[in-house]
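Contents: one structure, followed by commentary.
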2 protein chains.
Amino acid sequence: MRLEQMIERLKESDCRITPQRYAVLKVLANSSEHPSVESIHAKLVEHYPTMSLATVYKTITLLKREGEILELEFSDLGNRYDGRKPYPHPHVICTECGKIIDPSHLDLEEITSKMMEETGFKIMTHRLDFYGLCPNCQG
Amino acid sequence: MRLEQMIERLKESDCRITPQRYAVLKVLANSSEHPSVESIHAKLVEHYPTMSLATVYKTITLLKREGEILELEFSDLGNRYDGRKPYPHPHVICTECGKIIDPSHLDLEEITSKMMEETGFKIMTHRLDFYGLCPNCQG
DNA sequence: TTCTATGCAAACCCTTTGCAAGGTA
DNA sequence: TACCTTGCAAAGGGTTTGCATAGAA
């Protein structure tokens with residue numbers, strides 16, 4: 001589903017669907033754990049021993065440009081990616097183990113409108129993260 | 001005000017208040033523009049020609065440990081700091097010029113409670129950013 | 001056959017660290 | 001005086017880039 005959408009979008013932009021790109025897209029389309037570049041690469045080298053980190057980075061750059069993945073920037077942990085829901089949505093993040101989950105939808109549209117009125121900014125997107133300890137790490 | 005609080009806190013933790021640290025604290029306590037390490041350093045070298053970036057970084061590390069500044073991590077722009085309001089609060093960020101402002105208070109306590117119930121996480125802090133174009137950059 | 005993509009290695013940027021010299025309390 | 005801090009330079013970690021080779025269409 002998401003995989004097909006991603007492929008379609010890349011084809012429309014005259015990008016070639018190489019085996020490497022297909023493999024990266026597949027991981028992103030099927031992962032709900034918000035993988036890092038490192039973990040995507042690690043998962044792929046098993047089947048594609050020559051797969052390079054650079055290719056993963058380049059594919060992700062492509063998908064970002066096309067709006068097909070959401071990038072969660074962390075200056076410490078390294079960035080994490082969401083290929084299934086490439087639009088802004090809240091995240092709950094464990095500061096101990098790095099686990100990231102999506103809570104059920106929370107509508108920030110009204111708040112965003114208020115922010116625009118108050119600040120004069122033309123707001124295009126947002127980021128809402130909650131940080132704490134997941135059930136496993138509270139022991 | 002904030003300056004005195006910061007100094008007090010550092011003294012309690014047996015940190016020496018050197019001229020360099022005092023200068024960094026002063027900039028952080030008086031800046032509402034969420035300065036970067038680079039900009040803090042640039043402002044200080046005028047008066048302290050030998051001031052090093054390392055010292056600014058080390059002072060900030062200290063203040064983070066003491067909970068006296070809020071760090072806004074950006075993997076691209078570099079991190080930005082708020083020494084006046086060292087607790088989590090929403091930010092509105094211009095993706096063109098990097099301007100960051102604080103909109104009026106927005107209470108996320110209720111939402112945070114809901115998140116904890118739903119996810120089982122013990123949430124300690126949060127981050128809410130709105131990204132867009134400031135009035136000056138909309139032309 | 002043409003032109004894009006890959007993958008290695010080097011370059012980059014921001015941040016942290018090691019260590020000798022200087023300065024605080 | 002004793003110990004902490006400074007500041008230089010080098011190390012680090014994640015990400016990007018250059019370029020020759022491989023490969024998709």
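In what follows, chains are A, B, ... by sequence order, proteins preceding strands, each numbered from 1. In this text the structure is predicted, and so the values were computed from the model without any measurement.
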### Query
Residues two or more places apart in sequence or in another chain: which of them pass ring-ring contact (aromatic ring centres under 6.0 Å, His included) with A:H126?
none
#### Entry: Nearest-Å distance for atom pair NE2/P, residues B:H41 and C:dT15
13 Å
### Summary
B:I7 CD1 to C:dA25 P, in whole Å, measures 11 Å
### Task
Would you mind listing the cluster partners of B:L3? Hydrophobic ones only (ILVMFWY), side-chain contacts under 4.5 Å, chaining allowed.
B:M6, B:I7, B:L10, B:I17, B:Y22, B:V24, B:L25, B:V27, B:L28, B:V37, B:I40, B:L44, B:V45, B:Y48, B:M51, B:L53, B:V56, B:Y57, B:I60, B:L62, B:L63, B:I69, B:Y81
### Transitive ILVMFWY cluster of B:L106, excluding itself - 4.5 Å side-chain cut-off
A:V92, A:I101, A:L106, A:L108, A:I111, A:M115, A:M116, A:F121, A:I123, A:L128, A:F130, B:V92, B:I101, B:L108, B:I111, B:M115, B:M116, B:F121, B:I123, B:L128, B:F130
### All salt bridge (Lys or Arg N to Asp or Glu O under 4.0 Å) counterparts of B:K85, not counting sequence neighbours
B:D102
### Query
Listed by chain and number, what are the salt bridge (Lys or Arg N to Asp or Glu O under 4.0 Å) partners of B:R9, not counting sequence neighbours?
B:E68
Is any side-chain heavy atom of [X] less than 4.5 Å from a side-chain heavy atom of [Y]?
X: B:R2; Y: B:P86; answer: yes
X: A:C134; Y: A:E96; answer: no
X: B:K11; Y: B:R16; answer: no

### Closest to the A:Y57 side chain, choosing from D:dT16, C:dC19, C:dG7
D:dT16
From [X] [atom1] over to [Y] [atom2], what is the distance, rounded to the nearest 0.5 angstrom?
X: B:D129; Y: B:H91; atom1: CG; atom2: NE2; value: 7.5 Å
X: A:R127; Y: A:L70; atom1: CZ; atom2: CG; value: 8.5 Å
X: B:S32; Y: B:R84; atom1: OG; atom2: CZ; value: 5.0 Å

### Of A:Y81 and B:D14, the one whose closest DNA chain D nucleotide lies more 5'
B:D14
## Note on the structure
So salt bridge (charged side-chain N to carboxylate O under 4.0 Å, His left out) across residues 18-34 of chain B, not counting sequence neighbours, yields B:E33-B:K43
### Residue pairs fulfilling salt bridge (charged side-chain N to carboxylate O under 4.0 Å, His left out) with at least one residue in residues 52-65 of chain A, sequence neighbours excluded
A:K64-A:E71
### Task
Please check the phosphate of C:dT15 (OP1 and OP2 only) for any side-chain N or O of B:N79 closer than 4.0 Å.
yes
Write down the protein N/O and nucleotide N/O pairs, taken from nucleotides 22-25 of chain D, whose separation is under 3.5 Å; answer none if there are no such pairs.
from   : atom 1 : to    : atom 2 : distance (Å)
D:dG23 : N2     : A:R16 : NH1    : 2.8
D:dA24 : N3     : A:R16 : NH1    : 3.4
D:dA25 : OP1    : A:I17 : N      : 3.4

### Query
Looking at DNA chain D, which of residues 59-72 of chain B put a heavy atom within less than 4.0 Å of it?
none
### Query
So B:Q20 and B:T59, side-chain hydrogen bond (donor to acceptor under 3.5 Å, both in side chains) or not? Walk me through it.
CA-CA 9 Å; B:Q20 290 92 332; B:T59 303; over 6 Å; no
### Task
Could you check which residues of residues 44-54 of chain A get a heavy atom under 4.0 Å from DNA chain C? Sort them by number, please.
A:T50, A:M51, A:S52, A:A54
### Message
I need the residues from residues 21-40 of chain A with at least one non-hydrogen atom less than 4.0 Å from DNA chain C; give them sorted by number, or say none.
### Response
A:R21
### Task
Give a yes or no answer on whether the side chain of A:S36 reaches the backbone of A:S39 with a donor-acceptor pair at less than 3.5 Å.
yes
Filtered N/O pairs between nucleotides 11-13 of chain C and protein, under 3.5 Å:
none

